[in-house]
Protein chains: 2
Amino acid sequence: MTERDGGRRDLAAMLSQVMRALGAVELPVLDAHGVSMWGYVVLTALRESPVRTQAALAEAIGADKTRIIGTLDELQEAGLIVRERDPADRRARLLSITEEGREVHSSTQADIQEKENRLLAMLPPDDRRGFLNAIEAMSALPREDIVAMAEPPGGGARR
Amino acid sequence: MTERDGGRRDLAAMLSQVMRALGAVELPVLDAHGVSMWGYVVLTALRESPVRTQAALAEAIGADKTRIIGTLDELQEAGLIVRERDPADRRARLLSITEEGREVHSSTQADIQEKENRLLAMLPPDDRRGFLNAIEAMSALPREDIVAMAEPPGGGARR
DNA sequence: TATTGTTATACTCTATAACTATA
DNA sequence: TATAGTTATAGAGTATAACAATA
């Protein structure tokens, strides 16, 4: 009845619906912990390792270098990150997360993943495992690899 | 090595990366067929069945009623949809897809899904099946159901 | 008075360009 | 002159408010 003549809906359409729902689920959590979406993304990136320049951080999280400045200001103001001038090159700002930033990140992430897990619990175990494996695999690929992979074999040949 | 101490990355983070890549893959296809993203979404919705008001269509695709007007103008101009006044209520505009609209939609969708399938082909069959089952199940749920599902049991009780 | 569609306005987000300071 | 960071400006996308036609 809700099936459609053998076809399936477009991947992007389905994923964007899921994304919107996830946004509705997770934004209140971020609010409760006092971090913005981009702030959380920055903390997630810095949790792995410090970064030597803001441009590199922006690149790493898929943002523009001008776009994250306000976010960095807020995080610094809140004591969640530190920005120090690189003594070797006083133009650059060494970015790192503070202990407090680590705590805020991990408590926020715990809440987020707890909700995500409750959502995933609705799925049959096999589907849940396949779903996680799949998005982990796909999201690990550089975007250009994905774009290339979607092209017909030998397709789009330059000449 | 690329694994992280037992944890997993956030669902929303992974999904948004995949979404961006999908956008890069699919936008050129839409361009090639001369339809905008929202135009394609509208055609997809009208392909199922006609709609009696623009507000209802907007609601159905998760958009604002003022937001789709330009899109409807373009689609009508291109002869892909028709907008007729409802004789029974001359305020309303009956929306339906034309034969040409159907053709544009189905050729566009064929190209899109062909690329999506090439992408999915990178996955082991079990993961692919689980992934598709999972997003079909989750995207079929109304957003408020998903939000409610993510809450702790009995959580957020009103009184 | 309420509703459908439209237009006008404002607001948010993002990208581009111009500027400062270092090198 | 080139680069890191910042600020200023402009553009897209979206939402809100006001409006005209119809009920």
Side-chain angles (χ1 to χ4, degrees), chain A residues 12-13 16-17 19-24 26-28 30-31 35-42 45-46 50-77 81-96 143, chain B residues 12-13 16-17 19-24 26-28 30-31 35-42 45-46 50-77 81-96 143:
Chain A
S16 82
Q17 273 193 262
M19 279 289 295
R20 285 201 219 190
L22 270 182
E26 299 184 2
L27 266 179
L30 294 174
D31 282 352
V35 285
S36 66
M37 189 192 67
W38 283 111
Y40 180 69
V41 170
V42 166
L46 291 181
V51 172
R52 211 188 65 81
T53 71
Q54 297 184 182
L57 173 65
E59 160 97 35
I61 64 179
D64 191 274
K65 68 173 178 170
T66 65
R67 216 162 80 184
I68 63 172
I69 292 179
T71 302
L72 296 178
D73 290 345
E74 286 168 14
L75 291 172
Q76 184 177 32
E77 179 88 14
I81 66 169
V82 292
R83 267 199 285 199
E84 331 174 78
R85 291 199 180 281
D86 181 349
D89 180 347
R90 293 175 37 74
R91 292 172 302 183
R93 306 275 205 123
L94 303 168
L95 302 171
S96 56
R143 190 186 313 180
Chain B
S16 83
Q17 273 193 263
M19 279 289 296
R20 284 201 219 190
L22 270 182
E26 299 185 1
L27 265 179
L30 294 174
D31 282 351
V35 285
S36 67
M37 189 193 67
W38 282 112
Y40 180 70
V41 171
V42 166
L46 291 181
V51 172
R52 209 187 67 79
T53 72
Q54 297 184 183
L57 173 65
E59 160 98 35
I61 65 180
D64 191 275
K65 69 173 179 173
T66 65
R67 215 163 81 186
I68 63 173
I69 293 179
T71 302
L72 296 177
D73 290 345
E74 286 168 15
L75 292 172
Q76 183 177 32
E77 179 88 12
I81 66 167
V82 292
R83 265 201 285 199
E84 331 173 79
R85 289 199 179 282
D86 181 350
D89 181 347
R90 294 175 35 76
R91 290 172 305 182
R93 307 274 206 122
L94 304 168
L95 303 171
S96 55
R143 189 184 314 178

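Since the structure is predicted, the reported quantities are computational estimates derived from the model, not experimental observations. FYI, side chains are in, hydrogens and waters are out, and symmetry mates aren't considered; it's all heavy atoms of this structure. Every chain is numbered from 1 and lettered A, B, ... according to where its sequence line falls, protein lines coming before strand lines.
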Between B/Asp64 and B/Thr66, the two heavy atoms sitting closest are OD1-OG1, 2.7 Å

Distance in angstrom units between B/Asp64 CG and D/dA18 C1', rounded: 15 Å

When we call it a touch if two heavy atoms are under 4.0 Å apart, what does A/Arg83 touch: a base, just sugar-phosphate, or nothing? sugar-phosphate

Indicate yes or no: at least one non-hydrogen side-chain atom of B/Arg93 is less than 4.5 angstrom from one of B/Arg85. yes

Looking at the side chain of A/Arg67, which of C/dG5, D/dA4, C/dA15 is the nearest nucleotide? C/dA15

Does a nitrogen or oxygen in the side chain of B/Trp38 sit under 4.0 Å from OP1 or OP2 of D/dT14? yes

Atom CG of B/Leu57 and atom P of C/dT6 are separated, to the nearest Å, by 12 Å

Nearest-neighbour nucleotide for the B/Lys65 side chain, C/dT4, C/dT16, C/dT14 considered: C/dT4

Rounded distance in Å - CD1 (B/Ile68) to P (D/dT14): 13 Å

So, is B/Arg85 close to the C/dG5 phosphate, meaning a side-chain N or O under 4.0 Å from OP1 or OP2? no

Shortest non-hydrogen contact from B/Met37 toward B/Leu30: CA-CD1, 3.8 Å

Rounding to 10 degrees, work out the angle separating the end axes of the helix from C/dT1-D/dA23 to C/dA23-D/dT1 (five pairs an end). 20°

Atom pair distance, as rounded to whole Å: CD in A/Gln54 and P in C/dT20: 19 Å

Which atom names give the shortest non-hydrogen contact between B/Gln54 and B/Leu72, and what distance separates them? CD-CD1, 3.6 Å

When rounded to whole Å, the CD to C1' distance for the pair A/Glu84 and C/dT22 reads 18 Å

Are the side chains of A/Arg67 and A/Trp38 in contact, using a 4.5 Å heavy-atom criterion? yes

Atom-pair distance (CZ on B/Arg52; C1' on D/dT22), nearest Å: 13 Å

Here the distance between atom P of C/dT6 and atom CG of B/Leu72, to the nearest Å, is 8 Å

For the side chain of A/Thr66, starting at C-beta, report the closest nucleotide among C/dG5, D/dA15, D/dT7. D/dT7

Between D/dT6 (C1') and A/Asp73 (CG): distance, integer Å: 9 Å

Base C/dT3 to side chain B/Arg91, donor-acceptor N/O within 3.5 Å cut-off: yes

Applying a 4.0 Å non-hydrogen cut-off, can you work out what A/Asp89 is touching in the nucleic acid: base, sugar-phosphate, or nothing? sugar-phosphate

Are OP1 or OP2 of D/dA4 and a side-chain N or O of A/Arg90 less than 4.0 angstrom apart? no

Atom CD of B/Glu59 with >12 non-hydrogen neighbours under 6.0 angstrom: no

Counting C-beta onward and ignoring hydrogens, is there a side-chain heavy-atom pair between B/Leu95 and B/Val42 closer than 4.5 Å? no

